[in-house]
Amino acid sequence: MTFYEKIYYVCKRIPKGKVATYGQIAVIIGKPGTPRQVGGALHRSPEGMCLPAHRVVNRDGVLTGAAAFTFEKEQESRLRAEGVEVLHNKVDLKKYRWNPSRQELEEIAEMIRL
DNA sequence: CCTTTGACCAACA
DNA sequence: TTGTTGGCCAAAG
């Protein structure tokens, strides 16, 4: 599995109605210190790959990737459609951050090893 | 091989 | 507490 593929894999596991941060994903794939590359990977993700990239926000809960979507506010409306409140281009991480169980993290770690 | 480019982040003033 | 600074590192050129 390539670096980018690992990022896509983790992204797909973020549950509906939850969000993750770039740094959080970097840590989960075992590469802390590469949050910018996580953003880059999502930005350049293939067209047909149906990825819930709108569930990824920065450490403050700000929708920093909004400009990269097909139309302005697409990220915001997709989140709202899942029941996530968005105020001033931000989400409340205390409420909506995804907290994977230890078992799920192990599952991911094993899948990624390939 | 370099060099540039970021959907970031921790540290510091 | 809010702005700024520099480092970070995989990919693309």
Worksheet item: Taking side chain as C-beta onward, heavy atoms only, is Y96(A) less than 4.5 Å from E85(A)?
Response: yes
Response to the item:
Here the residues of residues 37-69 of chain A within 4.0 Å heavy-atom distance, strictly under, of DNA chain C are Q37(A), R44(A)
Worksheet item: If you draw a 6.0 Å radius around NZ in K18(A), do more than 12 non-hydrogen atoms from other residues or ligands fall strictly inside?
Response: yes
Worksheet item: Hey, does the side chain of E76(A) reach the backbone of K73(A) with a donor-acceptor pair shorter than 3.5 angstrom?
Response: no
Worksheet item: Would a distance-only check, ignoring hydrogens and angles, find a side-chain to backbone donor-acceptor pair under 3.5 Å from D92(A) to K94(A)?
Response: yes
Item to complete: Could you check which of dC9(B), dA11(C), dC9(C) has an atom nearest any side-chain atom of Y22(A)?
Response: dC9(B)
Worksheet, complete the sentence: Ranking R36(A) and Y4(A) by the position along DNA chain C of their nearest nucleotide, the one closer to 5' is R36(A)
Rounded interatomic separation in angstrom, taking [atom1] from [X] and [atom2] from [N]:
{"X": "F3(A)", "N": "dC8(C)", "atom1": "CZ", "atom2": "P", "value": "15 Å"}
{"X": "L79(A)", "N": "dA7(B)", "atom1": "CG", "atom2": "C1'", "value": "13 Å"}
{"X": "Q24(A)", "N": "dC9(B)", "atom1": "CD", "atom2": "C1'", "value": "14 Å"}

Worksheet item: For K31(A) and dC9(C), is the shortest distance between a side-chain N/O and OP1 or OP2 below 4.0 Å?
Response: no
Worksheet item: Of E82(A), E74(A), Q75(A), which is the lone residue that meets side-chain hydrogen bond (donor to acceptor under 3.5 Å, both in side chains) with R78(A)?
Response: E74(A)
What pairs of donor and acceptor atoms, side-chain ones from residues 31-45 of chain A against any protein atom, are under 3.5 angstrom apart with sequence neighbours left out?
| residue | atom | partner | partner atom | Å |
| --- | --- | --- | --- | --- |
| T34(A) | OG1 | K31(A) | O | 2.8 |
| R44(A) | NH2 | Y4(A) | OH | 2.8 |
| S45(A) | OG | L42(A) | O | 3.1 |

